[in-house]
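In the text below, chain A, chain B and the rest are named by the order of the sequence lines, each starting its count at 1. Predicted model only: the values in this text are computed from it and were never measured.
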Amino acid sequence: MSASKTFISPPAAPEVALQTPRAHMRDAVGEPAWVRYLLITLAILVISAILLVPLAAVFHQAFAKGISGYIEAISQPDTLSAIKLTLMACAIAVPFNVVFGVAAAWCIAKFDFVGKNFLITLIDIPFSVSPVIAGLVFVLLFGRMGYFGEFLSNHDWQIVFAVPGIVLATIFVTFPFVARELIPVMQAQGTEEEEASISLGAGGWNTFWRITLPNIKWGLLYGVVLCNARAMGEFGAVSVVSGHIRGETNTLPLHVEILYNEYDFTGAFAVASLLAFLAVITLIVKKILERGVRAEIKAAENLVPEQGAIHS
Amino acid sequence: MSIKIENVRKSFGTFHALNGVNLEIPSGELVALLGPSGSGKTTLLRILAGLEAADSGRILVEGRDTTGDHVRERQVGFVFQHYALFRHLTIFENVAYGLRVKPRAQRPTKEYIHSRVSELLKLVQLDWLGDRYPAQLSGGQRQRIALARALAVEPRLLLLDEPFGALDAKVRLELRHWLRRLHDELGITSVFVTHDQEEAMEVSDRVVILNQGQIEQVGTPEEVYDAPATPFVHEFLGLTNLFTGHLRQEVLAAGRNINVTEESALDDKEGAHAYVRPYDFEVSLQADGEDFIPAELRFAQTIGNIVRLQFAIAGRTEPVRVELEKTRFRALRVGIGAKLFLKPRHVQIFVKDRKDEASWAGTGS
């Protein structure tokens, strides 16, 4: 039918024509050259001093005794056990927060209920509370003198100063990441696709797996990456509940501090370089994922207006 | 399938979206729910689909109460204003979706799904777009795909929520005609929501006019246009001029008298509304009788083949809107400020029944 024929997108000519005047405009509204270069130089200096130099320093110190020194430093049993513990805490905290984050974002973005704003505020608590306080809360709850202390020691369950405490503290501080990332994506997408799916005969479970999840996959991955980075790097809350038992309850960031305090600079920076390396990887992955998230939100906005006829 | 809506009510907080709606939709008809925004038309459609639950009232489908049925069980095809295509699936998979999610026991074979989807894509004349994604289609194409997707599950009732609302004027016109032809071909009972009176009149077998959560009138497009039940219906169906006053015998005193050309059955009642459509005026250079009203031309605008005029009448603040064919206006050879005479050819009169404020007695003359 000829309806389609009426939507040939306009030729690119007007856009080309616009480019010359636009270039002139930039000169007319811009600052003089020296101001621009001064500002650019300042920005580069500040970024170098605050971000690049310290990062370089970490790797420089780490390799101060050569590659063999570096490998020796990170292959010590205590370091290896710290790596293992950190990975384990992440392996529990991240999936937990994925499940919770998806459920919470689904609730908040797709339904209206009493107490919705309260729930949003609640999710944000870990952002606003100091991690040290968060750690202390768990000590107050599960420590020997805490509310559940007697019950736990009667059953011989150790939470604080043991692995469960570290996992709990990690979950607490990384709580908002996935949910916070998904809420805007889901809100932008609305509920029409889910309604369409249900009206076509799909059940709730089918609708979630086939429609909701594919639509939020980039946002979800992005949230997971941020959540994971925070879980690995968390110091304050974990420090309070860990007890700093070497080889048992020591995570990577805590191990860096211990080594540093013992004047083992090469060891400290070698372990720190692992975290820094992880951070760089995270940033690269994040950059790639951001493109996907933007596309997801844009697609949600894009599906409404009359545009994008590709054919002729 | 025939549908009977019985006394359906729905509120959102303090807002009453539907105030006791009763409606019967005969099998195989294409019915338009027409009304301004906030009139409850979309809410009624969503309740029919099961996407929204009524606060009270019943919905009977072929005599069976389906009020409590889940959306899945209603066998309803729903077409959304903004298409709601699954953006991560190809056009083919979008249309196949309803067949793929059927419970294993009822799920058709892959071959059947393939042939059914191809058939539907041919029906909406877009079979060459199967492997594209929704974002690569124009609005009109997306809406046709949305319709194909809804038809895939062989619904017994097709519901369309402002299906052409997001489209551009020309595409909208073409899709309208296409929807009408498609309905005649398939014969599925269909209900569509629109706020565009022209669209409702052009496409539907029957128009349901809603206002503030209540049905004002149900009838064929001719019926509602020629014999509107209430002043609201008359005003909603097109530009008009309202004269209020008292009705005495054939004369409506409205600041200045408007003479009713034919004898009216109504007499000596108060609070009458008389409506004259802009094209129902005779414009003349001199008064050829008592029923010509002196008027001064204040504004004239040519739009295509017609000229829109605004006249000032003594004792009336609102301008009187008149439409004339361009050739007839030119023949008058007048400009702004000219003193002319208007004679209403057709007057629609509504008189408020004093016992029941809400009901109106109407007559055309």
State the CD-OG distance between B/Gln75 and A/Ser199, to the nearest 0.5 angstrom.
12.5 Å
For each of B/Gln81, B/Arg46, B/His70, tally heavy-atom pairs with chain A at distances under 4.5 Å, and name the one with the top tally.
B/Arg46
Nearest heavy-atom neighbours spanning A/Glu193 and B/Phe86
O-CE2, 3.3 Å
As an exercise, state the distance from CG of B/Leu51 to CD1 of A/Ile198, rounded to the nearest 0.5 Å.
7.5 Å
In terms of heavy-atom pairs under 4.5 Å with chain B, the winner among A/Gly190, A/Ala196, A/Pro214 is A/Ala196
Is it the backbone or the side chain of B/Val76 that comes under 4.5 Å from a heavy atom of chain A, or both, or neither?
backbone
Please name the pair of heavy atoms, one in A/Gly201 and one in B/Val101, separated by the smallest distance, quoted to 0.1 Å.
C-CG2, 4.1 Å
Calculate, to the nearest 0.5 Å, the distance between atoms CD1 and CZ belonging to A/Ile211 and B/Arg87 respectively.
10.0 Å
Value rounded to 0.5 Å, distance of CG in A/Leu200 from NZ in B/Lys102:
10.0 Å
So, the part of B/Ala150 with a heavy atom under 4.5 Å from chain A: the answer is backbone
Tell me whether the count of non-hydrogen atoms from other residues, nucleotides or ligands lying under 6.0 Å of NE2 in B/His177 goes above 12.
yes
More than 12 heavy atoms from other groups under 6.0 Å of NZ on B/Lys110:
no
Part of B/Arg74 within contact of chain A (heavy atom distance under 4.5 Å):
neither
Between CZ of B/Phe80 and CD of A/Glu195, what distance do you get to the nearest 0.5 Å?
5.0 Å
Which pair of heavy atoms, one from B/Tyr97 and one from A/Asn206, lies closest together, and at what distance?
OH-O, 4.2 Å
Give a yes or no on whether A/Phe277 atom CZ has more than 12 heavy-atom contacts from other residues, nucleotides or ligands under 6.0 Å away.
no
May I ask you to decide if A/Glu192's main-chain N or O and B/His82's side chain share a donor-acceptor pair within less than 3.5 Å?
no
Might you confirm whether atom CZ of A/Phe118 has over 12 heavy atoms from other residues, nucleotides or ligands at distances under 6.0 Å?
no
